[in-house]
Undergrad: 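Supplied in structure tokens, the structure appears directly below.
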Amino acid sequence: QVRLVESGGGLAEPGGSLRLCCAASGSAFSIKSMGWYRQAPGRQRELVAIMTDGGSTNYVDSVKGRFTISRDNAKNTVYLQMNSLKPEDTAVYYCNVLGYWALTPRDYEYWGQGTQVTVSS
């Protein structure tokens, strides 16, 4: 079991900024990737940004140039810096980790509880 602790969500004005943080527990768990997903009411959950253990990143087109994902491997922590926020960014944001336990051949995936981001004036 991996515990994910999220913080940083809340209310922001259009054009404002927020930074999300997700810290993962699990001393015996090797993380391969960490990322952020979001889901708005009536919409599918979508990948926002992800970073692999090799440092490769991917972003959904709608946030490119505005959001930046970063990762502190030593602390098993991932951040999402969100700038130039738009009302369309309003959603519940979920932290996601993918990795494996020692001596276990399969991958395991864990999710945070979700944090609300609301962009409104």
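Atoms considered below: every heavy atom in the structure, side chains included; atoms not considered: hydrogens, waters and symmetry mates.
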Undergrad: Please tabulate, for side-chain N and O atoms in residues 70-77, each donor-acceptor pair with protein atoms closer than 3.5 Å (sequence neighbours left out).
TA:
unit_1 : atom_1 : unit_2 : atom_2 : d
R71    : NE     : N73    : OD1    : 2.7
R71    : NH1    : T52    : O      : 3.3
R71    : NH2    : I31    : O      : 3.4
D72    : OD1    : A74    : N      : 3.2
D72    : OD1    : K75    : N      : 3.4
T77    : OG1    : K75    : O      : 3.0

Undergrad: Listing request: all ring-ring contact (aromatic ring centres under 6.0 Å, His included) pairs with a residue in residues 34-55, at least two apart in sequence or in separate chains.
TA: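 Applying ring-ring contact (aromatic ring centres under 6.0 Å, His included) to every pair that reaches into residues 34-55, excluding sequence neighbours, yields Y37-W111.
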
Undergrad: Should M51 and Y100 be regarded as members of a common hydrophobic cluster, given that ILVMFWY residues are connected when their side-chain heavy atoms come within less than 4.5 Å of each other, either directly or indirectly?
TA: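 In one cluster: no.
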
Undergrad: Return all side-chain donor-acceptor pairs below 3.5 angstrom for residues 13-26, not counting sequence neighbours, or 'none' if the list is empty.
TA:
unit_1 : atom_1 : unit_2 : atom_2 : d
S17    : OG     : N83    : OD1    : 2.8
S25    : OG     : R3     : N      : 2.8
S25    : OG     : R3     : O      : 3.3

Undergrad: According to a hydrophobic-cluster definition based on side-chain heavy atoms being under 4.5 Å apart (Ile, Leu, Val, Met, Phe, Trp, Tyr only), do V97 and Y94 belong together?
TA: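 Different clusters: V97 never reaches Y94 through Ile, Leu, Val, Met, Phe, Trp or Tyr contacts under 4.5 Å.
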
Undergrad: Is there a side-chain contact (heavy atoms from CB on, under 4.5 Å) between V60 and L47? Walk through the geometry before answering.
TA: CA-CA 6 Å; V60 66; L47 173 68; 5.9 Å; no

Undergrad: Just jot down the side chain to side chain contact (heavy atoms under 4.5 Å, CB included) partners of Y108, sequence neighbours excluded, or say none.
TA: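 Per chain and number, Y108 pairs via side chain to side chain contact (heavy atoms under 4.5 Å, CB included) with F29, W101, T104, R106, Y110.
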
Undergrad: My understanding is that a hydrophobic cluster links ILVMFWY residues whose side chain heavy atoms are under 4.5 Å apart, including indirect links. Using that, what else belongs to the cluster containing L103?
TA: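 None, because no other hydrophobic side chain comes under 4.5 Å of this residue.
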
Undergrad: Hey, are the side chains of T90 and Q116 touching, using non-hydrogen atoms and a 4.5 Å cut-off?
TA: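 Yes, at least one pair of side-chain atoms sits under 4.5 Å.
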
Undergrad: Name all pairs fulfilling the ring-ring contact (aromatic ring centres under 6.0 Å, His included) condition that reach into residues 39-86, sequence neighbours left out, sorted by first residue then second.
TA: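 Every pair satisfying ring-ring contact (aromatic ring centres under 6.0 Å, His included) with a residue in residues 39-86: there are none.
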
Undergrad: My understanding is that a hydrophobic cluster links ILVMFWY residues whose side chain heavy atoms are under 4.5 Å apart, including indirect links. Using that, what else belongs to the cluster containing L98?
TA: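 Once heavy-atom contacts under 4.5 Å are chained together, L98 still belongs with nothing else.
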
Undergrad: Could you walk me through whether V78 and L80 pass the side-chain contact (heavy atoms from CB on, under 4.5 Å) test, one step at a time?
TA: CA-CA 7 Å; V78 66; L80 186 67; over 6 Å; no

Undergrad: Does Q113 CD have over 12 foreign heavy atoms under 6.0 Å away?
TA: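 It does: Q113 CD has more than 12 such atoms within range.
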
Undergrad: Which heavy atom of S84 sits nearest to which heavy atom of D89, and what is that distance?
TA: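 So the two residues come closest at O-OD2, 4.5 Å.
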
Undergrad: Going by salt bridge (Lys or Arg N to Asp or Glu O under 4.0 Å), name the residues that satisfy it together with K86, two or more places apart in sequence or in a different chain.
TA: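 Salt bridge (Lys or Arg N to Asp or Glu O under 4.0 Å) list for K86, sorted by chain: empty.
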
Undergrad: Using every non-hydrogen atom in the two residues, find where L4 and C95 come nearest and quote the distance to one decimal.
TA: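 In terms of heavy atoms, the two residues are closest at CD1-O, 3.8 Å.
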
Undergrad: E46: what forms a salt bridge (Lys or Arg N to Asp or Glu O under 4.0 Å) with it, not counting sequence neighbours?
TA: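 E46: salt bridge (Lys or Arg N to Asp or Glu O under 4.0 Å) contacts with R38.
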
Undergrad: Scan residues 2-26 for pairs that pass ring-ring contact (aromatic ring centres under 6.0 Å, His included), counting only residues two or more places apart or in two chains.
TA: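 Of all non-adjacent pairs touching residues 2-26, none passes ring-ring contact (aromatic ring centres under 6.0 Å, His included).
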
Undergrad: Can V63 be reached from Y93 by stepping across I, L, V, M, F, W or Y side chains whose heavy atoms are under 4.5 Å apart?
TA: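 In one cluster: yes.
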
Undergrad: Has Q39 got a side-chain atom pairing as donor or acceptor with V92's backbone, closer than 3.5 angstrom?
TA: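 Side chain of Q39 to backbone of V92: no pair is present.
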
Undergrad: For V5, what are the other residues in its hydrophobic cluster, where any two members join if their side-chain heavy atoms are less than 4.5 angstrom apart?
TA: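 None; V5 is a cluster of one.
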
Undergrad: Identify the two heavy atoms, one from V117 and one from M82, that lie closest to each other, and give their separation to 0.1 Å.
TA: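 Of all heavy-atom pairs spanning V117 and M82, the closest is CG2-CE, 4.0 Å.
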
Undergrad: Please name all residues satisfying side-chain hydrogen bond (donor to acceptor under 3.5 Å, both in side chains) with R45, sequence neighbours left out, ordered by chain then number.
TA: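 Scan of R45 (side-chain hydrogen bond (donor to acceptor under 3.5 Å, both in side chains), adjacent residues dropped) gives none.
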
